[in-house]
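In what follows, a single structure is set out as C-alpha cells and then discussed.
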Amino acid sequence: MDNRAEVREFLISRRAQVSPEQVGLPAGTNRRVHGLRRSEVAALAGLSVEYYTRMERGAISGASPQVLESIARALRLDDAERAHLFDLAHAASPVARPPRRRSSKGYVPHKSLQWALDAVTAGPAFVRNGRMDLLAVNSLARAFYKDCYEMPGQPANIARFTFLDERAYDFYPDWDAFAEVTVSILRTEAGRDPHNKELHDLIGELGTRSEAFRKRWGAHNVRHHGTGFKTFNHPIVGEMTLAFEGLEMAAEPGLTLTIYTAEPGSPSAERMQLLASWAASEYGTAAQPRSEWTRTDS
C-alpha cells in the first residue's frame, strides 16, 4: 500500500468535509473545491501554504507531533481520524519500526485464552485481528457466526462475509451501517500496519469482487469501535439486539477481544439462551474442532 497516496487521499477527503462556515470563514461565491482550500487549512494550522501542500501530496515523514496536532485541529478530526493521521506519519518515517502483528495463518491461541473465552457462557466471545479474522471463539461465537464459518477459506473472516456472502444482508438488518463499520476498521488497520501482506490481499480481493466495498474504501473513513449496541437477525433464533465491548489485548498487540451480551430478561436474552442450547448440541463444549485451536506445545 502506497503510504504517500494514503496520506494524500486521507487529507484531501478530510479537507472536503469541512465547510468554510464551520471554521468561521466566508463561503464566497467562486469556490471550485468541496470544503476548504489548501491555503485555508494552512492558515488555520499556522503553516505555510507550501509546507502544507507538500504534506498533502504525501510528504508527511518528519512532521512533528505539534504540526500533526495543528492539522488535526484545522481539519476538525475526531479521535479516530487524529490517530489515523499519526499512524500514517509514523508509517512514513524511515526509522519507524513496523508494529508486531501475529499472522492469522496457523495462529493458535494459548490454552489459557481459550479457557477464558469458554468461561463466557452468556454471549459470544471472540478474538479478532485488524483484518477481521476470527482467530479464537467460544461455542456461542462459533454458533453466532455459523454462516461466516461456512464460507470457504480459513480463517473465518467477518469482512469477507459482509461483502461477499448474500446471507450477510439477512444477518445484518442494517447492512449499510455494518458495511461502513467494517470498512472503517480495515482502513484504520491499514494505517496502523501498512506493510501487512495478508491485509493487502484481503483489501484487494474485496475491492475486486465488491463494488460496495470499493465505494466505501474510497471514502477514507476510519473509526474506533469499542462499545455500543447492534441488531442481528440470526438464521437459527431470529432477531437479537446485543451490547458489545471490545478490549485491546495487551499480551497480543493488534488483537481485540469482543464480547456480545443481551439485556437480562429481554427477548434477545431468551434467544441467546436458545442459541446456546443449539450450540451445545451442534458443537459440544469446544468452540471449534480441537485441531484448530489446541496448542501442541502447552
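Nothing fancy with the numbering, it's 1 onward along the sequence.
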Give the minimum heavy-atom separation between Ala262 and Ser268, together with the two atoms involved. CB-C, 3.8 Å
If we only count heavy atoms from C-beta on, is the Leu11 to Leu85 side-chain gap below 4.5 Å? yes
Centroid-centroid under 6.0 Å between Phe144 and Phe171 rings: yes
Answer yes if the side chains of Asp133 and Asn157 hold a donor-acceptor pair under 3.5 Å, and no otherwise. yes
Between the side chain of Asn138 and the main-chain N/O of Gly123, is any donor-acceptor distance below 3.5 Å? yes
Apply the test side-chain contact (heavy atoms from CB on, under 4.5 Å) to residues Val67 and Met55: give CA-CA distance (whole Å), side-chain angles for both, the deciding distance (0.1 Å), then the verdict. CA-CA 10 Å; Val67 167; Met55 291 190 66; 3.8 Å; yes
Aromatic ring centroids of Phe163 and Trp217 under 6.0 Å? no
Rounded to the nearest 0.5 Å, what separation is found between the CG atom of Leu257 and the CE atom of Met249? 6.5 Å
Stepwise, does the side-chain contact (heavy atoms from CB on, under 4.5 Å) test hold for Phe86 with His90? CA-CA 6 Å; Phe86 274 73; His90 178 75; over 6 Å; no
State plainly whether one hydrophobic cluster holds both Leu274 and Leu242, where clusters connect Ile, Leu, Val, Met, Phe, Trp and Tyr through side-chain heavy atoms under 4.5 angstrom apart. yes
If you compare all heavy atoms of Val33 against all heavy atoms of Leu36, which two are closest, and at what distance to 0.1 Å? CG2-O, 3.9 Å
Please lay out, stage by stage, how Glu6 and Arg187 fare under the test salt bridge (Lys or Arg N to Asp or Glu O under 4.0 Å). CA-CA 10 Å; Glu6 287 292 300; Arg187 176 64 77 178; 2.4 Å; yes
Any non-hydrogen side-chain atom of Glu245 less than 4.5 Å from a side-chain atom of Thr227? yes
Identify the heavy atoms of Arg160 and Pro155 that sit nearest to each other, and give their distance. NH1-O, 4.3 Å
Residue from Val222, Leu202, Val181 passing side-chain contact (heavy atoms from CB on, under 4.5 Å) with Leu186: Leu202
I want to check something: taking the side chain as every heavy atom from C-beta on, are Trp278 and Val237 in contact at a cut-off of under 4.5 Å? no
Should His110 and Trp115 be marked as a side-chain contact (heavy atoms from CB on, under 4.5 Å) after you check the CA-CA gap, both sets of side-chain angles, and the distance that decides it? CA-CA 9 Å; His110 193 276; Trp115 293 342; over 6 Å; no
Do the non-hydrogen side-chain atoms of Gln17 and Gln22 ever get within less than 4.5 Å of each other? no
Any side-chain heavy-atom pair from Asp174 and Thr231 closer than 4.5 angstrom? no
Hey, is Asp78 close enough to Arg82 for a salt bridge, meaning N to O under 4.0 Å? no
How about Glu211: does its CD atom have over 12 heavy atoms from other parts shown lying under 6.0 Å from it? no
Lys/Arg N to Asp/Glu carboxylate O, Glu81 vs Arg14, below 4.0 Å: yes
Correct closest heavy-atom pair for Ala136 and Pro109 would be CB-CG, 3.8 Å
Check Glu282 with Arg142, please: is the shortest side-chain N to carboxylate O separation under 4.0 Å? no
Pair Arg167 + Glu150, salt bridge at N-O below 4.0 Å: yes
Check the pair Tyr149 / Val137 against side-chain contact (heavy atoms from CB on, under 4.5 Å), numbers first and verdict last. CA-CA 11 Å; Tyr149 274 95; Val137 297; 3.3 Å; yes
For the residue pair Glu263 and Ala269, what are the closest heavy atoms and their distance? O-CB, 3.4 Å
Using only atom types and a distance under 3.5 Å, with no angle test, would you say the side chain of Arg131 pairs donor to acceptor with the backbone of Glu198? yes
Walk me through whether Arg54 and Glu50 qualify under salt bridge (Lys or Arg N to Asp or Glu O under 4.0 Å). CA-CA 6 Å; Arg54 288 199 302 273; Glu50 293 77 11; over 6 Å; no
With clusters defined by side-chain heavy atoms of hydrophobic residues (ILVMFWY) lying less than 4.5 Å apart, directly or transitively, does Leu68 cluster with Val49? no
Look at the side chain of Glu180 and the backbone N and O of Ala177, then say whether any donor-acceptor pair between them is shorter than 3.5 Å. no
May I ask you to decide if Glu239's main-chain N or O and Arg271's side chain share a donor-acceptor pair within less than 3.5 Å? yes
Using ring centroids (six-membered ring only for Trp), state whether Tyr260 and Phe232 fall under 6.0 Å. yes
Does CG in Asp79 sit with more than 12 non-hydrogen atoms of other residues, nucleotides or ligands closer than 6.0 Å? no
Any chance you could measure Ser70, atom OG, to Leu75, atom CG, to the nearest 0.5 Å? 11.0 Å
With the 4.5 Å side-chain cut-off for hydrophobic clustering, are Tyr51 and Ile12 part of the same group? no
Does a side-chain heavy-atom distance below 4.5 Å link Val41 with Glu56? no
Rounding to 0.5 Å, atoms OG1 (Thr256) and CE (Met132) come to a distance of 9.5 Å
Minimal non-hydrogen separation, Ser48 against Ala42, with atom names: O-CB, 3.8 Å
With a 4.5 Å limit on heavy-atom distance, are the side chains of Thr258 and Val127 in contact? no
Distance, nearest 0.5 Å, that separates CG of Asn221 from CZ of Arg216: 10.5 Å
Distance col, row Leu140:CG vs Tyr145:OH, nearest 0.5 angstrom, shows 12.5 Å
Distance in Å, Leu88 CG paired with Arg192 CZ, rounded so as to fall on 0.5 Å steps: 11.5 Å
In the structure I gave you, are the side-chain heavy atoms of Val183 and Phe213 within less than 4.5 Å of one another anywhere? yes
